[in-house]
Amino acid sequence: MAKLQPVRGTHDLIGHEARAHIALTEAARAVADRYGYSPIATPIFEFTDVFQRTLGDTSDIVKKEMYTFEDKGGDSLTLRPEGTAGVARAFISGGLRNELPLKCFYAGPMFRYERPQKGRLRQFHQIGAELIGVPEPTGDVEIIALGADILDALGILTETTLELNTLGDLPSRLAYRGALVDYFTGHADALSEESRERLTRNPLRILDSKDPGDRAVINDAPVFDDYLSGDARAFFKSVRAGLDTLGIAYELNPRLVRGLDYYSHTAFEFTTEALGAQGTVLAGGRYDGLIETMGGPATPGVGWAAGIERLAMMLRDPDVAVRPVVLVGMGDDGEREAMHLARELRCAGLTIDLQYKGGLKRGLRRANRINAAAAVLIGADELLRGAVTVRDLDSGEQVDVVITDLTDHLAAYR
RNA sequence: GUGGCUGUAGCUCAGUUGGUUAGAGCGCCUGGUUGUGGUCCAGGAGGCCGUGGGUUCAAAUCCCAUCAGCCACCCCA
C-alpha cells in the first residue's frame, strides 16, 4: 500500500463507465421481466460451507479462488464467487418450495482471488438468471432463450456463438468418468503434467487440453455418447429440438465442460472472439442435484450468469446520457433565481445542470463541455422584466422567455 | 499459482552511448471579450520518472527486490 491505489483486481466505475454498467443491467432486467423472472438479491457473503459443499472440493474456485475470512464471532464466511449457490441457499432457508417454479434474476458483485487480466477481475459483476423447480427440457430452452434475448437487446448476439453440450445425468457421467480415468491412466506417461493432475481432479477437462501430446491421446479416448443413458440422450435431444423451434443457432461442443461440480445435463456458453482469452460471455447449465446436496428438498434447477464487464467491453459507446440544460445565474439575484428555477424545472422532469459559481463566460464554457443542449441566462436585465434568456447551444440563437413560460419553452430540450 | 512484456504530467507518449533547470500533444486554469461557449492567439498550473534498495563523481536511463497493469497458461463471467 505504498500509494493510494485500489486493491489488485478491483476497479472504480466512474462516469460513463458506471452509467454503461447500470444501463446494461437495466436492459437485461427489462428482458427478464418480460420472461416473468423476478428480482432477487442475496447477501454478497455466506457461510463458507455454502460454497465449499456446492462447488465441489476439487474445483479451482474452492481450492484457490475464494475470499474466505473469519468474522468476530468465529464463523468462516466467504465472499460469493458466483451467484447460484446463494440463490439455492435462499430457496432452502426461505422455505420457497411451495413457490415453484421459482424464476429469478440477479445482478451484483462477485469475488474471486485470481490473477487479474483483461476481462478478469477479483471483484467483478454478474447478471444471472435461475429457473428452479422445472425438470423439463423446456426449462433449459427458456433459460437459454432468455440469455440470447438479453444479448440481442444489447446488440451483441450476432458477435457470439452458442456452444452446447450435455454432461448427462449422474449415472451416465460417473460411468463415463470412470472409463476416462481408466483410459487416461493407461496412457498417463504420454500425458502432460497438467493433464495428469486433472486425472484426479476433473478428468473431463483433459478432453479440452491444448497440449499437442495430449491431443493424440485424446483422439482415441472413449466417447461420452457411448455412455449416455437413454433418458439423458432423450433429454438433450429435446433441448436441441426446442432451440431449433425458436430458431436459436448453436454449435455442439462435446469438449464443453463446466468447472463446477453441480452441473448435469445441459451445459452451454455464449462465447466471442472479441475478448481475447476470456471468450466466455454468458454461461450456465442445469444443476439438478445442487439443492438436495445442500440439504434441501430434491429440486431441479437451470440457470446462467454473465459477466457485466465482459459484456460492457463488447458494447460500442452506448453513451446515451440526456443532454442537460444549463442554468447560469449572474449576480446575487441571478444566482438565487437560478437555484430556484433549477428545482422547479427538475421537478417538471427536465435535466438541469446548475452553474454554481462564476460568470457567464465560464458558465457557457462549462455548458459546452458537458454537451448541454441549451443555456438559460439569468441576469439583472432579464429579471427586471420577469424574463430569462434561453440560448440554444447548437444554433447559438437566443430568445427572451418570460419566466412563467420557461417550463413550456424548454420542453423542446427534454 | 507459472511464464513473458510494461510502468515518465489528468490522458497518450518522447527522452539520443548514464551527464547539469525532464519534454510534446490533448485536457485543465487565466487573459484577449466589466454579461456570451465551441475556433483562434498569449500565458499559466501540474511530474520524488510506480515504490524501496544497490552500482556510480553523477541514475528516468544500469542491477536487484517489490507493487501494479497488459499478454499467454491454468481456470472462468
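Sequence lines set the chain letters: A, B, ... in the order given, protein chains first and strands last, and positions in each chain run from 1. From a predicted model like this one, the values you see are computed outputs, not experimental measurements.
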message = A cation-pi test, strictly: NZ or CZ of A:R240 under 6.0 Å from the centre of the six-membered ring of A:F236 and no more than 45 degrees from its axis. Yes or no?
response = yes
message = Can you see whether A:F111 has A:R80 sitting over its ring - NZ or CZ less than 6.0 Å from the centre and within 45° of the normal?
response = no
message = Test: side-chain hydrogen bond (donor to acceptor under 3.5 Å, both in side chains). Region: residues 153-170 of chain A. Which pairs qualify, not counting sequence neighbours?
response = A:E159-A:R316, A:E163-A:N253, A:E163-A:T271, A:D169-A:S172, A:D169-A:S229
Protein-nucleotide distance ([X], atom [atom1]; [N], atom [atom2]), rounded to Å:
X	N	atom1	atom2	result
A:F111	B:A77	CZ	C1'	14 Å
A:I150	B:A77	CD1	C1'	14 Å
A:H11	B:G69	NE2	P	9 Å
A:L24	B:A77	CG	P	17 Å
A:Q278	B:C70	CD	P	10 Å
A:Y113	B:C75	OH	P	19 Å
A:E130	B:A77	CD	P	12 Å
A:R196	B:C74	CZ	C1'	16 Å

Base, sugar-phosphate, or nothing for [X], non-hydrogen atoms under 4.0 angstrom?
X	answer
A:G363	nothing
A:V328	nothing
A:G9	sugar-phosphate
A:A367	nothing
A:I127	nothing
A:E309	nothing

What's the gap between [N] and [M] when it is taken at their [atom1] atoms, as a whole Å value?
N	M	atom1	value
B:U55	B:G1	P	31 Å
B:G54	B:C71	P	35 Å
B:A42	B:G38	P	16 Å
B:C62	B:G15	P	12 Å
B:C63	B:G25	C1'	34 Å
B:C75	B:C64	P	32 Å
B:U6	B:G43	C1'	36 Å
B:C26	B:U39	C1'	16 Å

ask   = Nearest nucleotide by nearest heavy atom, which residue falls closer to the 5' end of RNA chain B, A:T280 or A:T10?
value = A:T10
remark   = 5'-most contact on RNA chain B (nearest-nucleotide basis), A:R198 vs A:V7, goes to A:V7
ask   = Between A:T42 and A:Y106, is any pair of side-chain heavy atoms under 4.5 Å apart?
value = no
Short N-O contact, [X] and [Y], less than 4.0 angstrom:
X	Y	value
A:E114	A:R120	yes
A:D400	A:R385	yes
A:R34	A:D149	no

For the pair [X] (side chain) and [Y] (backbone), establish whether a donor and an acceptor sit closer than 3.5 Å, ignoring hydrogens and angles.
X	Y	answer
A:E335	A:A338	no
A:R414	A:L350	no
A:T185	A:V181	yes

query = Does RNA chain B take part in any stems of at least 3 consecutive Watson-Crick or G-U pairs (both distances under 3.5 Å), and if so, which ones?
reply = B:1-7 with B:67-73, B:10-13 with B:23-26, B:28-32 with B:40-44, B:50-54 with B:62-66
key: Phosphate OP1/OP2 of B:C29 contacted by A:R362 side-chain N/O (<4.0 Å)   = no
ask   = Do any side-chain nitrogens or oxygens of A:R8 fall under 4.0 Å of OP1 or OP2 in B:G69?
value = yes
For nucleotides 4-11 of chain B, print each protein N/O atom paired with a nucleotide N/O atom at under 3.5 Å, atom names and distance only.
none

query = Could you write nucleotides 35-46 of chain B as a row of B, S and -, 5' to 3', where a protein heavy atom under 4.0 Å of any base atom gives B, of only sugar-phosphate atoms gives S, and otherwise -?
reply = BBBB--------
For residues 127-143 of chain A, which side-chain donor-acceptor pairs fall under 3.5 Å, sequence neighbours excluded?
{"unit_1": "A:E130", "atom_1": "OE1", "unit_2": "A:Y287", "atom_2": "OH", "d": "2.6"}
{"unit_1": "A:E130", "atom_1": "OE2", "unit_2": "A:T84", "atom_2": "OG1", "d": "2.8"}
{"unit_1": "A:D140", "atom_1": "OD1", "unit_2": "A:R286", "atom_2": "NE", "d": "3.0"}
{"unit_1": "A:D140", "atom_1": "OD1", "unit_2": "A:R286", "atom_2": "NH2", "d": "2.6"}
{"unit_1": "A:D140", "atom_1": "OD2", "unit_2": "A:T266", "atom_2": "OG1", "d": "2.6"}
{"unit_1": "A:D140", "atom_1": "OD2", "unit_2": "A:R286", "atom_2": "NE", "d": "3.1"}
{"unit_1": "A:E142", "atom_1": "OE2", "unit_2": "A:Y37", "atom_2": "OH", "d": "2.6"}

key: All salt bridge (charged side-chain N to carboxylate O under 4.0 Å, His left out) counterparts of A:D405, not counting sequence neighbours   = none
ask   = Taking all non-hydrogen atoms of both residues, which atom of A:L191 and which atom of A:I206 are closest, and how far apart?
value = CD2-CG2, 4.3 Å
remark   = In short, A:G119 meets A:Q278 closest at the heavy-atom pair O-CG, 3.7 Å
